[in-house]
Amino acid sequence: MAELGVNIDHIATLRQARLGIDPEPVYAAAIAEQNGADQITVHLREDRRHIQLRDVKLLRQTVQTRLNLEMAATEEMVSIAQTIKPDTVTLVPEKREELTTEGGLKLSEHYRSMIKNLKESGIEVSVFIEPDPKMIKLAIKYDVDAVEIHTGAYSNLKNSKEIEAELQRIEKAVKMISAANLRVVAGHGLNYHNIKKIVEIEGIEEYNIGHSIICRAVFSGLAEAVYSMKLLVE
Ligand code: PXP
């Protein structure tokens, strides 16, 4: 059965809007876990726009499932990961000006020693790449434990033929990764509609989903939140 990793970055986005203490990502992680999340995912970005180092440290102590740290492949981040020891590190590309992770990693020799060092610290290493055979071959060569397929292109498509072609590209990628005995993960841009076709692909073991879940949570909680305040005002 496939597992669900819940990305709680946007709980922290909301908190950083006021630079206060609410909403607390640790609470969000606990609620996600109590409701079936198999993993909590956070992205500690270089610009610290949402998740802070303090969040990762606290989550390491409180997460009862698994903690997946998304991070750029920099010396600073490797050293943070080696200190905090998340269960998994997912290496992602990072650009300061982007709104969210755009495109997959362009793997090169630069990554090989980082992957090795992280693995030697007892951390599972995953790389976030496009469903591109060339990149998958490099991921296998660099001895990663898992590959997260970037589903952003699929999520952005509107044309049904193009969607079908992208799904086939993802399916081929899943087969290639599984054949190398690596864990197959998928994520980015997945929502309550486009997830349906992705889950039909056999072999994907885990999905990392954030934005759509936090958006749904805002609306599913809004009625109760207004009503509770109305009672106090009255
Ligand atoms: N997987 C990776 C590697 C990501 O970088 C992100 C976004 O931080 C996600 C999954 C989750 O994407 P979304 O928030 O669009 O569900």
Side-chain angles (χ1 to χ4, degrees), residues 2-14 16 25 28-29 32 36-52 55-56 59 66-74 77 81 86-107 111 114-115 118 123-132 135-136 139 144-157 166 170 173-174 177 182-199 204-218:
E3 299 202 318
L4 175 65
V6 176
N7 179 315
I8 57 168
D9 289 350
H10 295 304
I11 297 291
T13 302
L14 212 51
Q16 295 313 104
D38 300 292
Q39 167 171 280
I40 300 300
T41 297
V42 287
H43 184 173
L44 184 65
R45 297 185 78 102
E46 188 208 4
D47 64 10
R48 306 290 194 265
R49 67 174 72 159
H50 40 51
I51 291 293
Q52 307 297 307
D55 299 326
V56 188
L59 288 165
R66 298 189 313 267
L67 180 63
N68 172 29
L69 176 63
E70 291 176 6
M71 58 179 231
T74 63
M77 285 309 308
D87 298 280
T88 304
V89 155
T90 302
L91 295 174
V92 301
E94 201 177 288
K95 282 191 247 138
R96 215 157 232 266
E97 64 281 10
E98 69 193 355
L99 291 178
T100 181
T101 315
E102 291 166 357
L105 273 182
K106 303 281 175 274
L107 286 173
Y111 293 91
M114 272 186 197
I115 292 167
L118 287 164
I123 302 167
E124 183 198 52
V125 180
S126 179
V127 285
F128 187 47
I129 57 177
E130 299 288 336
D132 169 1
M135 279 305 129
I136 296 169
V144 299
D145 301 296
V147 172
E148 179 165 342
I149 300 171
H150 197 312
T151 50
Y154 161 73
S155 305
N156 286 330
L157 290 171
E166 186 62 17
I170 294 172
V174 171
I177 301 160
L182 305 182
R183 223 156 61 74
V184 190
V185 181
H188 208 279
L190 297 175
N191 62 34
Y192 294 83
H193 306 289
N194 63 26
I195 189 74
K196 291 175 190 155
K197 290 223 160 131
I198 285 279
V199 294
I204 301 178
E205 293 161 78
E206 176 190 299
Y207 300 89
N208 278 308
I209 308 181
H211 190 257
S212 64
I213 293 178
I214 305 306
C215 290
R216 174 68 67 100
V218 168

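Both ligands and their constituent atoms are indexed starting at 1 by order of listing. This structure is a prediction, so every number in the text was calculated from the model and none was measured. Each residue takes its place number in the sequence, starting with 1.
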Validation row: I204, I149 side chains within 4.5 angstrom (heavy atoms): no

Beyond-backbone contact of N68 with D87, side-chain heavy atoms, under 4.5 angstrom: no

Criterion side-chain hydrogen bond (donor to acceptor under 3.5 Å, both in side chains) against E148, the qualifying member of T88, T41, N208: N208

Check: M135 and E130 side chains under 4.5 Å, non-hydrogen atoms: no

Option nearest atom 7 (C) of ligand 1 (shortest heavy-atom distance, choices E94, E148, H188, M71): H188

Any N or O of I209 closer than 3.5 Å to N or O of ligand 1: no

Options N208, L105, I8, ranked by nearest heavy atom to atom 11 (C) of ligand 1, top entry: N208

Enumerated ligand 1 atoms positioned under 4.0 Å from heavy atoms of V92: 3 (C)

Sub-4.0 Å heavy-atom contact, G189 with ligand 1: yes

Heavy-atom check, side chain of V199 versus side chain of Y207, under 4.5 Å: yes

Protein heavy-atom partner closest to atom 2 (C) of ligand 1 - residue, atom, separation in Å: E70 OE2, 3.0 Å

Where S155 and G189 come nearest, the two heavy atoms and their spacing: OG-O, 3.1 Å

Min N/O separation H211 to ligand 1 under 3.5 Å: yes

Nearest protein heavy atom with distance in Å, relative to atom 16 (O) of ligand 1: G210 N, 2.8 Å

